[in-house]
Each structure stands twice: as C-alpha cells, then as structure tokens.
There are 2 protein chains.
Amino acid sequence: MPAAKTPRPCSIADTLALVGEKYSLLVLREVCLGNGRFDQLVRNIGAPRDILTTRLRRLVDAGILTKRAYSERPQRFEYRPTQAGLELEPVLMTLMEWGDRHLRTEDERPMVMEHVCGNELVPVVTCRACGDEVRHEDLTAHPQVPGWTVKGPTAA
Amino acid sequence: MPAAKTPRPCSIADTLALVGEKYSLLVLREVCLGNGRFDQLVRNIGAPRDILTTRLRRLVDAGILTKRAYSERPQRFEYRPTQAGLELEPVLMTLMEWGDRHLRTEDERPMVMEHVCGNELVPVVTCRACGDEVRHEDLTAHPQVPGWTVKGPTAA
DNA sequence: GGGGAGGGTTTGATTTTCCAACTCACGGAG
DNA sequence: CTCCGTGAGTTGGAAAATCAAACCCTCCCC
C-alpha cells in the first residue's frame, strides 16, 4: 500500500499557496509602499504585465488586496492592502532583514526602514508569551493532525 | 528614452530569488523539522522528485542547506540547514502564524510550535531597538539607492 | 538471485512565463 | 479635429518550467 499522496497539512504551505507565486510578495511590497497603480507595479517590480494581471486578481480574491477606482472618467484603479495584507508586511520585513544580513554588506542595503521609535528598523521575531527572540533550538513541533507526525505520515 | 528596465533593488526580491520558488520554503520547513532525506521530502512536501532535485541543488548552492552523507556503503544523503538556513526559520514561523490566523479557525491548526519558555509559540515581529510589535503605520521607507525613490525610478 | 530501500534521472505531455505588440478610453496640445 | 500620451490592461506565440510515471543503480538481506 503506497504512502499517502497528500502532502503535510500546514499553514506555511497554505499561505504560500496564496502569496508564494513569483512576484506576489513584491506586489505586496509595492502596495505597502503606496504604489498601487498598474504601471508603477510593472516598473518597480519588473514583471510582465499579463502575469501581474493574474497575480493582482489572485491577491484580490484572497482578500489581501482591494482594487478601488481613484478616478472615474477616465477609469483609473489603484490596489491597496487589506488588513490581512498589512499583516503580511512583517513577513516582508523579516525577508528583507535576512537578505540584508546574508546577501549584502552593511553599507549597500537598498532600503532602510525607519520605525516610529526613531531608530532604524531591525525586525526580530519573538515569542508572544516570553518576549524572547525565536531561535531554532528553542522550538518543538507538535503536529495536530491525525496521521501525521513530525517525521511524516503514519500508516498510509 | 524609456524608463529603466531594472526593477527596484531590494533585499526582499533578492531573498525570494533564492527561496521564493515553489517548494523551496517547504523544503526548508522539512529540513528544519529534521526530515532531510530525499524520500521524506518527496512524501511530506508532495513535490515531483525532479523538481525537488533542482530545488535542493539551488538551496545548497545558496548556502542555505548542506548535503552530507549519513552513510557510506550504501551511500545515503541527508540535507541539513546551515546557520543561514536556520535564520530563515522565523520567516516560516511568521508565515505559519498568518495562515493560522487568516486561513483557519483556532481549533484546526495543523501544527503547534512549543517554545522553550513552556508556552505555545505565537511569533511576533518586533523592532530590535524599542521592542514594540512592528505595524505598518509605524514604518517609513528610506530608499538608499540613487535613482530610486519610494515611488519608483527617477529620471530614466 | 529476488525483493526491497534510498536517491536520484529520464521521458514526454501539460502549464506557465515571457515579451512585444495591440487595444480602448480618455485628456490635452496644436 | 487630429495627433500624442497615459493608464490599465489583452492577445499571440515562442521559450521555459512543471508534472507524473517510469526507469536506473547501488547496496543489503534473505
């Protein structure tokens, strides 16, 4: 009997199914920066226009962006993040921080984020309960779905 | 003269160039869980074997995973995260948290992470300097690259 | 010498991407 | 009025990536 054909049930996978396609998170980046217009997105992201069209549709369907007209006659549209979209911004910040640290030297960061506290933003992922920085060795995974352990599917 | 053809220089984009392809972050998830063997990855991720092969190669080249033999004769390999790979785990946790909150109800989370502090892990992205949770409205972007503003490229 | 694993390749059919060109609806300049 | 430019996409076809299934090779065990 062959093992289960279904992959591990996982919110990481489900989230990536919405925003994990090429360009999707860059669309969110631009929209969070306030650049919600089609041609701006094309220029700043460098994506083909048709791909951008499908990504935008998907993100709107997923409830991550909204499309609103900023002008009737002539009809002109703008994409803006929803609350759910804004709540993905920390993911972007965390990705940016990793890239700055691993792919660049200190003085060649392409963008610096300033926090309202007056300092340069360095995002840190912490545990809500204790406030400590999250580190791999402090984590233990507990699968909740019957049929799945950390190691994999049980008894097909 | 048409506007620049180059997209915005950005560490988010550069990081996604390494780990943004389909399955790559799921590979990292499994490897962080300790499931570094080829057939485990195939089963738990549900990716085609050939694609997995190319993803693994890319992640190793990027310095995010290493491939080590856990047995000579017969040769058997295992992929493990490097330090850089482990430092991407917070990104995964943040994605998981978003998915749990937006795509699920409280009682159907597929996986719960336990923090060493004894509590269930709820990852929060905070500012290193002030410790406050990062929220969109507290951020200001400062592009560092000549030719680029928040809005886009300047003077082609 | 047959039957598994484990760790991949190969093959061929389907999907996606990509890029350039095209459309349509206006608004303004001449 | 005609031409030009802008915004927001569509369309068409070639090139690349994905997919599923089958295949291969090396061992180990009986």
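Since the model is a prediction, treat every value here as computed from it, not as a measurement. Throughout, a chain's letter reflects where its sequence line sits, starting with A, and its residues are numbered from 1.
Every residue two or more places apart in sequence or in another chain that forms a side-chain contact (heavy atoms from CB on, under 4.5 Å) with A:T66 is listed here: A:R80, A:T82. In this view, B:V19 and B:T15, B:L25, B:L59, B:I64, B:L88 satisfy the side-chain contact (heavy atoms from CB on, under 4.5 Å) rule, not counting sequence neighbours. For A:D100, the side-chain contact (heavy atoms from CB on, under 4.5 Å) test picks out A:M96, A:R104, A:R109, A:P110, B:S11, with sequence neighbours left out. Residues satisfying the side-chain contact (heavy atoms from CB on, under 4.5 Å) criterion with A:Q40, sequence neighbours excluded, are A:N35, A:R37, A:R43, B:K151. Not counting sequence neighbours, the partners of A:R49 by the side chain to side chain donor-acceptor pair (under 3.5 Å) test are A:D39.
Counting to the nearest Å, the P atom of D:dG9 and the CD1 atom of A:I45 are 13 Å from each other. Summarising the geometry, the separation between CG on A:L41 and P on D:dA8 is reported as 9 Å, rounded to the nearest angstrom. Remark: C1' of D:dG9 and CG of A:L56 are 10 Å apart, rounded to the nearest angstrom.
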Polar atom pairs between nucleotides 15-18 of chain D and protein, under 3.5 Å, N or O only, would you list them?
{"unit_1": "D:dT18", "atom_1": "OP1", "unit_2": "B:R55", "atom_2": "NH2", "d": "2.4"}

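Rounded to the nearest 0.5 angstrom, A:E78 CD and A:L41 CG are separated by 10.0 Å.
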query = Which parts of nucleotides 23-30 of chain D does protein reach within less than 4.0 Å, heavy atoms only, written one letter per nucleotide 5' to 3' as B for base, S for sugar-phosphate only and - for none?
reply = ---BSS--
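A ring pair (Phe, Tyr, Trp, His ring centres under 6.0 Å) check over residues 56-98 of chain B, counting only residues at least two apart or in different chains, returns the pairs B:W98-B:H102. Sorted by first and then second residue, the side-chain hydrogen bond (donor to acceptor under 3.5 Å, both in side chains) pairs involving residues 126-140 of chain A (not counting sequence neighbours) are A:R128-B:E133, A:E133-B:R128, A:R135-A:E137, A:H136-B:E89.
Once you apply a 4.0 Å limit to the heavy atoms of chain B, the touched nucleotides of DNA chain C run 5' to 3' over C:dA5 to C:dT11.
Within residues 59-66 of chain B, no residue approaches DNA chain C, by heavy-atom distance under 4.0 Å. For residues 28-38 of chain A, proximity to DNA chain C is found at no residue, defined as any non-hydrogen atom under 4.0 angstrom from a strand atom.
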